[in-house]
Amino acid sequence: MCDEDFSLMSHTQESQNTLDGILNAISKCKVQHNQLLKEQQDLSRARDDQEDLAKQFRQRIVKLRISLEEDDNNQARDVDSERKKIAALHDEESRLKREIQRAEEELQLEEESTHHLKQQTNVSTAAVPEKKVVFTGVTGDGANTLNFDVKPHIVFPMEEGTALITFEDEEVAQKILSLREHKVDLGEDCAITLEAKLVQLLVPCQVEMDTEVCSRRILVSNLPKKVREDLLLDKLEIHFAKSKNGGGEVEDSDMLHDSGNVVITFTENNIAKGLTDKQYHNVEFEKGRKHSVKVTPFLNGDITSFQTRLSACGRTVLLTGIPAVKEQENLQDLLEIHFQKTSNGGGEVDTFLYNPLGQHTLALFEEDCPTEDQSQ
């Protein structure tokens, strides 16, 4: 082999080596390219995944923001609702406090009223004015032993030219009323015609009173009978004005003539109770001689309810239309005689009162208590 051939072969071998190197490089590049494509695809997928995650994250953020806003709104509403509830509770608490205060005030008033009523009821049953009683021979069934007896005294204004006649027998009065007109012969060819009318009066049927023990007055009973009134009052005032006797300054003293008791009024409020608690006091009305008097509470009373009803007088008749034709006494006698006669429908007359023309008379009606004959 010549040098020229060797040179050509070397050049060819080098070219072959270069081509192989290029092919290898190309192969490597293809491999690298494929790897790059794969990595690009992986990166693209990773980017897409990241974008999806970001999108999901943004959506979650929006949802969370909305949820937080709703929670904030709900919380605000809850807080506002709770504040309103608290305010309502405060208002209710204030209202209850006011009601409790009002109830306590009412309770205090009730307790004061109860205490006052207890003081009134603590006036013992023995603390009543001393009364002397005696058995008169009359018996009863005891049905009304727990009732108080109120005797009516009714003032009846008589009209002019009228008369009131009370018969002993109610049947006679009813017969006179049924006849209505009565011709009365007065003699000397003089006669008058009268009209008989039923007498109806307003009488109390129910009376309610509020009583209260007077803090400045006492009622003194069981007094001596033979002492003059002025001397009696002087001795009582002197005795009860002394502090050693439990008394104090006396403002006034009054005799109750209907009952024979005395009311003594003090200037201070704290004197009367001590005297009534002791009840019996020995008072010197005559020198060297003392008399035991009884001191009881003096009750003030106000009528709170007063109901009346019409009551017909069974035995009393009103005669009207009486002219002044004779003197008052003479005419009254003639009228009474006329109505005493059974031939005129009359009967025994209990009382007769004539009020002539030009005069004003007040007739007093009292309780009609049956006589012994009427009760049998």
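Values reported hereafter were calculated over all heavy atoms of this structure, with side chains retained and with hydrogens, waters and symmetry mates removed.
Across Ile271 and Gly248, no two heavy atoms sit closer than the pair CG2-N, 3.8 Å. Across all non-hydrogen atoms, the minimal contact from Leu219 to Pro297 is CB-O, 4.3 Å. Nearest heavy-atom pair across Gly358 and Glu160 is N-OE1, 3.1 Å. The shortest heavy-atom contact between Leu201 and Cys313 is CD1-SG, 3.8 Å. Smallest separation of non-hydrogen atoms from Val172 and Gly345: CG1-O, 3.8 Å. In this structure, Cys214 and Ala272 approach most closely via the heavy-atom pair O-CB, 4.4 Å.
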For this session: Decide side-chain hydrogen bond (donor to acceptor under 3.5 Å, both in side chains) for His257 and Glu229; before the verdict, give the C-alpha distance in whole Å, the side-chain angles of both, and the deciding distance to 0.1 Å.
Result: CA-CA 10 Å; His257 295 94; Glu229 179 178 334; 3.0 Å; yes
Problem set entry | Evaluation steps, salt bridge (Lys or Arg N to Asp or Glu O under 4.0 Å), between Lys55 and Glu51 | CA-CA 6 Å; Lys55 184 177 180 181; Glu51 288 179 354; over 6 Å; no
For this session: Might you work through the salt bridge (Lys or Arg N to Asp or Glu O under 4.0 Å) test for Asp80 and Lys84, ending with a clear yes or no?
Result: CA-CA 6 Å; Asp80 186 58; Lys84 290 181 179 178; 3.5 Å; yes
Problem set entry | salt bridge (Lys or Arg N to Asp or Glu O under 4.0 Å) between Asp350 and Arg315, intermediate numbers included | CA-CA 9 Å; Asp350 193 356; Arg315 298 192 299 123; 3.6 Å; yes
Exercise. Between Arg309 and Val203, is a side chain to side chain contact (heavy atoms under 4.5 Å, CB included) present by the stated rule, with each step listed?
Worked result: CA-CA 6 Å; Arg309 61 178 174 84; Val203 297; 3.9 Å; yes
For this session: Would you sort out whether Thr193 and Glu181 count as a side-chain hydrogen bond (donor to acceptor under 3.5 Å, both in side chains), showing the intermediate values?
Result: CA-CA 7 Å; Thr193 301; Glu181 290 189 351; over 6 Å; no
For this session: Any chance you could lay out the salt bridge (Lys or Arg N to Asp or Glu O under 4.0 Å) test for Glu171 and Lys175, step after step, and finish with the verdict?
Result: CA-CA 6 Å; Glu171 292 182 0; Lys175 185 176 181 180; over 6 Å; no
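Residue Leu231 is grouped with residue Val220 when hydrophobic side chains (ILVMFWY) are merged at heavy-atom distances under 4.5 angstrom, including chains of intermediate members. Note on Ile100 and Leu107: separate hydrophobic clusters, where clusters join Ile, Leu, Val, Met, Phe, Trp and Tyr whose side-chain heavy atoms are under 4.5 Å apart, directly or indirectly. When hydrophobic clusters are built by joining Ile, Leu, Val, Met, Phe, Trp and Tyr residues whose side-chain heavy atoms come closer than 4.5 Å, directly or via intermediates, Ile238 is not grouped with Leu233. In the hydrophobic clustering of ILVMFWY residues, with side-chain heavy atoms under 4.5 Å counting as a link, Leu357 and Leu331 come out apart. Using a 4.5 Å cut-off between side-chain heavy atoms of Ile, Leu, Val, Met, Phe, Trp and Tyr, with links allowed through other members, Leu164 and Ile337 fall into different hydrophobic clusters.
For Glu188, the CD atom is loosely surrounded, since the number of other residues' heavy atoms within 6.0 Å does not exceed 12. Other residues, nucleotides and ligands place no more than 12 heavy atoms under 6.0 Å from the CG atom of Asp302. Within 6.0 Å of CZ in Arg180 there are 12 or fewer heavy atoms belonging to other residues, nucleotides or ligands. Glu348 CD: 12 or fewer foreign heavy atoms inside a 6.0 Å radius.
Here NE2 of His239 is found 6.5 Å from NE2 of His281. Values are rounded to the nearest 0.5 Å. Interatomic distance, CG of Leu19 versus CD1 of Ile26, reported as 8.0 Å (0.5 Å rounding). The distance from the CZ atom of Arg58 to the NZ atom of Lys63 is 14.0 Å, given to the nearest 0.5 Å. Taking CD of Gln328 as the reference point, atom CD1 of Ile322 lies at 10.5 Å (rounded to 0.5 Å). With rounding to the nearest 0.5 Å, the separation of CG in Asn282 from CZ in Arg289 is 13.0 Å. Here Gln101 contributes atom CD and Gln108 contributes atom CD; the two are 11.0 Å apart, rounded to the nearest 0.5 Å.
Side-chain contact check for Tyr354 versus Thr361: every heavy-atom pair is 4.5 Å or farther apart. Looking only at side-chain heavy atoms (C-beta outward), Lys326 and Leu334 come within less than 4.5 Å of each other. The shortest side-chain heavy-atom distance between Phe167 and Val349 falls under the 4.5 Å cut-off. Inter-residue side-chain proximity for Leu364 and Val155 is flagged as met; some heavy-atom pair is nearer than 4.5 Å. Counting heavy atoms from C-beta on, the side chains of Leu186 and Val325 come closer than 4.5 Å. By the 4.5 Å heavy-atom criterion applied to side chains, Asp234 and Phe285 are not counted as neighbours. Side-chain atoms of Ile218 and Phe298, non-hydrogen and from C-beta on, never get closer than 4.5 Å to each other. By the 4.5 Å heavy-atom criterion applied to side chains, Val317 and Val199 are not counted as neighbours.
For the pair Glu336 (side chain) and Phe352 (backbone), a donor-acceptor distance under 3.5 Å is absent. The main-chain N or O of Glu212 is never found under 3.5 Å from a side-chain atom of Asn300 such that the two would form a donor-acceptor pair. For Asp48 (side chain) and Asp52 (main-chain N/O), no donor-acceptor pair under 3.5 Å exists by modelled atom type. Of the possible donor and acceptor atoms, none in the side chain of Asp254 sits under 3.5 Å from a partner among the backbone N and O of Ile264. Looking at Asn245, its side chain never comes within 3.5 Å of a backbone N or O of Gly247 through a donor-acceptor pair. Of the possible donor and acceptor atoms, one in the side chain of Asn222 sits under 3.5 Å from a partner among the backbone N and O of Ser292. Between the Gln174 side chain and the Gly314 main chain, a donor and an acceptor come within less than 3.5 Å of each other. In this structure, the side chain of Asp185 engages the main chain of Gly187 through a donor-acceptor pair within 3.5 Å. A donor-acceptor contact shorter than 3.5 Å links the side chain of Glu284 to the backbone of Gly288. Judged by distance alone, the side chain of Ser44 and the main-chain N or O of Gln40 form no donor-acceptor pair under 3.5 Å.
In the model, Thr265 has no side-chain atom that pairs as donor or acceptor with a side-chain atom of Asp252 under 3.5 Å. Glu251 and Thr267 form no side-chain donor-acceptor contact under 3.5 Å, judged by distance and modelled atom types alone. Inspection of the Thr320 and Thr162 side chains reveals no N or O donor paired with an N or O acceptor under 3.5 Å. Between the side chains of Glu195 and His182, no donor N or O sits under 3.5 Å from an acceptor N or O. Between Gln206 and Glu208, the side chains place a donor N or O and an acceptor N or O closer than 3.5 Å (distance only, hydrogens not considered).
Of the charged side-chain nitrogens involved, none lies within less than 4.0 Å of a carboxylate oxygen, so that Glu105 and Arg102 do not count as a salt-bridged pair.
When the options Asp277, Asn269, Asn270 are evaluated for a side chain to side chain donor-acceptor pair (under 3.5 Å) with Lys273, the one that passes is Asp277.
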